[in-house]
2 protein chains.
Amino acid sequence: MNMREIARRAGVSSATVSRVINGSNAVTAETARRVQVILDEAKFIPNPSATTLKYGRSKTYGLVIPDICNPYFSEFLAAFEAALEQIDHEMLLTSVQDAEGLLRSVRRMLMRQVDGAVLMGSEFETQAIEPLLQRRIPIVTLDRRSTDAGRSDVAIDYESGFTEAVLHLRSLGHDRIGFIGGYPQMQTSKLRVNAFRQALQAADLRYDATLVKPGNYRVPGGEAAMAQLLDLPEPPTAVLHANDLSAFGAMLGAHKRGLQVPRDISLIGTDDVLLSEVMHPPLTTVRIPRKRLAQLCIEALEHTKRQEDGRGAQFSLKTELVVRGTTAPPRQARRSTNKPRVRRAPQ
Amino acid sequence: MNMREIARRAGVSSATVSRVINGSNAVTAETARRVQVILDEAKFIPNPSATTLKYGRSKTYGLVIPDICNPYFSEFLAAFEAALEQIDHEMLLTSVQDAEGLLRSVRRMLMRQVDGAVLMGSEFETQAIEPLLQRRIPIVTLDRRSTDAGRSDVAIDYESGFTEAVLHLRSLGHDRIGFIGGYPQMQTSKLRVNAFRQALQAADLRYDATLVKPGNYRVPGGEAAMAQLLDLPEPPTAVLHANDLSAFGAMLGAHKRGLQVPRDISLIGTDDVLLSEVMHPPLTTVRIPRKRLAQLCIEALEHTKRQEDGRGAQFSLKTELVVRGTTAPPRQARRSTNKPRVRRAPQ
DNA sequence: CTGTTAGCGCATTCAG
DNA sequence: CTGAATGCGCTAACAG
């Protein structure tokens, strides 16, 4: 069933049918109505391939994510898909692990003539996305904190989020706060460590590099890092994590040592993955609002598209501290003092 | 950059370029080589819209899943996407919660001219997918255990999987085994309860309806169901679960009652979601091999497409018991007897 | 206000 | 073995 057939049945030309479908007002109400009836009763379904072929625009946005199995990404994916449905666009999803995968991904996006692309997982060769930029396809990256011609960026405001988290801990009486991060080589990992550092500063707490351990954004990494922290002569009384999976791992590690959370150690995650709430105890975490993030990515895409000069813009997303069950005063609650920390005898 | 331009540069016709791209052997090796060089240096990227428009085939398969956020589905999604990449096909992903969503999903698949569709979440109106069947688009459903013209089905063999699980428990000495299922109205839930029943029979154990509680395939449902089981005058010493999330919830519930797993109660999940392994203790579970399932779905699709008469076929997937840390002998281990069960005084 | 026409890029006839 | 011509469905430009 195509427009010509509809046109034939309605006794008009296919151009008129097209106009009716696209809501052009250059059609008599009466004609439009008549065509609409035929359209409905034939259950007409337009063929987007024709439009894409003609205009090189596909009403689809590409989404590149590093790992669908990570709940943070799958939850983002769900939000992104929902947001796209709102604006009547399709999604071209590609899961990319390595540089070669990114190349294939870019090729697929080019073939499918995407109107824009969101690149999560900020660690990629800029060169690989050159072809996209060249064809003036708007790009949005995450957490790169830089923009280019044709590329906007959405940054998560870890600085303010971690500050909120650290202040929460300090108000409970903690002054020895550790941090479990991501892969140390990754740019985003460094970003988060720096944000943690700033947060300590804002809370008037001293930064102690021995309390900062790398993880790998996954459970086993968090567990191993926690083991290292607990092996310290003077372990932290609270730990902030670069993401929730790390915090899950750390909690596991603490439990294995016979510690109770939050009685013996307080934990704060980052992301607010769905499962955080059902952990035991439920995880206190710095929520990255997924829905808002997805919308912001799309806004950023549309913004970039609109720019005459193609300049990308820097967007920023605030987090929200969600206090649940993994934070409590430290074992021997003390009034917080001006002195950076009070030495305690190792137990 | 299109084929005509390549043809011009190579001094041939676009038909020849097309033949080279598609590996037709009706081209001189020399000509083919020359064209290939131009193709490479121009970094030619074909436009699938043209092909789709011309032939109504899109090299894309639709995937309908109920909930991307559920790790079982997101892990399947990852496997499916990888399998599609192997056969050089695209994926049209739609997340469908309700009947109306399915209608929209079908419409999108029709527009995009998918060559087939995999429908997970077997609870849907058959009528909604009629348009797909009418256009002879192959369909694969999961766990419906019935086929149609143009629709094949892939069933998970819960019967053998649960039997293996129950035998494992019985060999440890359990004879009071509970079951936490899914939504009681759902067809798949009934399927699993029946499979559990058969498993008990195969293990020579009596079926006791009071030990079977509905859940909702998610953590809170499992937790609530476990609470009910533990409130029984004589609770089970082991519980099998319709999926892993339920088992997570049950484990949580048991812990909250001060029970230790597996010392006080043994737990077995179903699915083998990635996080199962990092639970504490790690979950013993009936693995549904995700990768194999994805491949099987695609095989089923291709099979259905090949059938002249369009008859669908029934496929079946075996599970694998993965024994980890949530199963152990019951508190007072006893030799299993021929008598269905030994009454113990309620504690 | 409505119809005619042309062309997006490709693969497949059919000629040569 | 190669090329010319065709049409898939749609919409913008133009003509009426």
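Naming: A, B, ... by sequence-line order, numbering from 1 per chain.
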Review point. With respect to the side chain of Ala50(A), which nucleotide from dG9(D), dT11(D), dT2(C) is positioned closest?
Key: dG9(D)

Practice item. Would you indicate, yes or no, if dC8(C) has its OP1 or OP2 atom less than 4.0 angstrom from a side-chain nitrogen or oxygen of Asn47(B)? Key: no

Review point. Which comes earlier along DNA chain D counting from the 5' end, the contact point of Val12(B) or that of Asn2(A), where each point is its nearest nucleotide?
Key: Val12(B)

Practice item. Return the value, rounded to whole Å, for the distance between atom CZ of Arg19(A) and atom P of dC14(D). Key: 14 Å

Check your understanding: Among the nucleotides dT2(C), dC8(C), dT13(C), which one has an atom lying closest to any side-chain atom of Leu53(A)?
Key -> dC8(C)

Exercise for review: For the residue pair Tyr217(A) and Tyr183(A), categorise the inter-ring angle as parallel (less than 30°), tilted (30 to 60°) or perpendicular (more than 60°).
Suggested key: perpendicular

Practice item. Would you kindly give the CG-to-P distance between Leu110(A) and dG9(C), to the nearest whole Å? Key: 14 Å

Review point. Hey, is Arg9(A) close enough to Glu41(A) for a salt bridge, meaning N to O under 4.0 Å?
Key: no

Practice item. Identify whether the distance between the nearest side-chain nitrogen and carboxylate oxygen of Lys59(A) and Asp88(A) falls below 4.0 Å. Key: yes

Review point. Nearest-Å distance, CD1 (Ile6(B)) to P (dG9(C))?
Key: 12 Å

Check your understanding: Is any side-chain nitrogen or oxygen of Ser18(B) closer than 4.0 Å to OP1 or OP2 of dT12(C)?
Key -> no

Exercise for review: Please determine, for the side chain of Pro46(B), which listed nucleotide (dT2(C), dC10(C), dT11(D)) has the closest atom?
Suggested key: dC10(C)

Review point. When the distance from CZ of Arg57(B) to P of dC10(C) is rounded to whole Å, what number comes out?
Key: 16 Å

Check your understanding: Has Ser49(A) got a side-chain N or O lying under 4.0 Å from the OP1 or OP2 atom of dC10(D)?
Key -> no

Check your understanding: Expressed in angstrom and rounded to an integer, what is the separation of Arg33(A) atom CZ from dC1(C) atom C1'?
Key -> 17 Å

Point to revise | Length of the CD-P vector between Glu5(B) and dC10(C), whole Å | key: 12 Å

Check your understanding: Counting only side-chain N and O atoms of Thr16(B), is one of them less than 4.0 Å from OP1 or OP2 of dG3(D)?
Key -> yes

Check your understanding: Using a cut-off of 4.0 Å on non-hydrogen atoms, how would the nucleic acid contact of Thr31(B) be classed: base, sugar-phosphate, or nothing?
Key -> sugar-phosphate

Point to revise | Atom-to-atom span, CD1 of Ile21(A) to P of dG9(D) - whole angstrom | key: 13 Å

Check your understanding: In this structure, are over 12 heavy atoms from other groups packed under 6.0 Å from Arg136(A) atom CZ?
Key -> no

Practice item. From the options dG9(D), dT2(D), dC10(C), select the nucleotide whose nearest atom is closest to the side chain of Met3(B). Key: dC10(C)

Point to revise | Side chain of Lys54(A) - closest among dA6(C), dA13(D), dG9(C) | key: dA6(C)

Exercise for review: Mind calculating the distance between CZ (Arg8(A)) and P (dC10(D)) to the nearest angstrom?
Suggested key: 15 Å

Practice item. Among the candidates dA4(D), dT2(C), dC8(D), find the nucleotide nearest to the side-chain atoms of Arg4(A). Key: dC8(D)

Revision key, fill the gap. From the candidates dT2(C), dA11(C), dT4(C), the one with an atom nearest any side-chain atom of Ala15(A) is dT4(C)

Check your understanding: Would you call Arg144(A) and Asp153(A) a salt bridge, using N to O less than 4.0 angstrom?
Key -> no

Practice item. Would you mind classifying the nucleic acid contact of Pro48(A) as base, sugar-phosphate or nothing, using non-hydrogen atoms under 4.0 angstrom? Key: nothing

Check your understanding: Just wondering, more than 12 heavy atoms not from Arg292(B) lying within 6.0 Å of its CZ?
Key -> yes

Check your understanding: OP1 or OP2 of dA11(C) less than 4.0 angstrom from a side-chain nitrogen or oxygen of Asn22(B), does that happen here?
Key -> yes

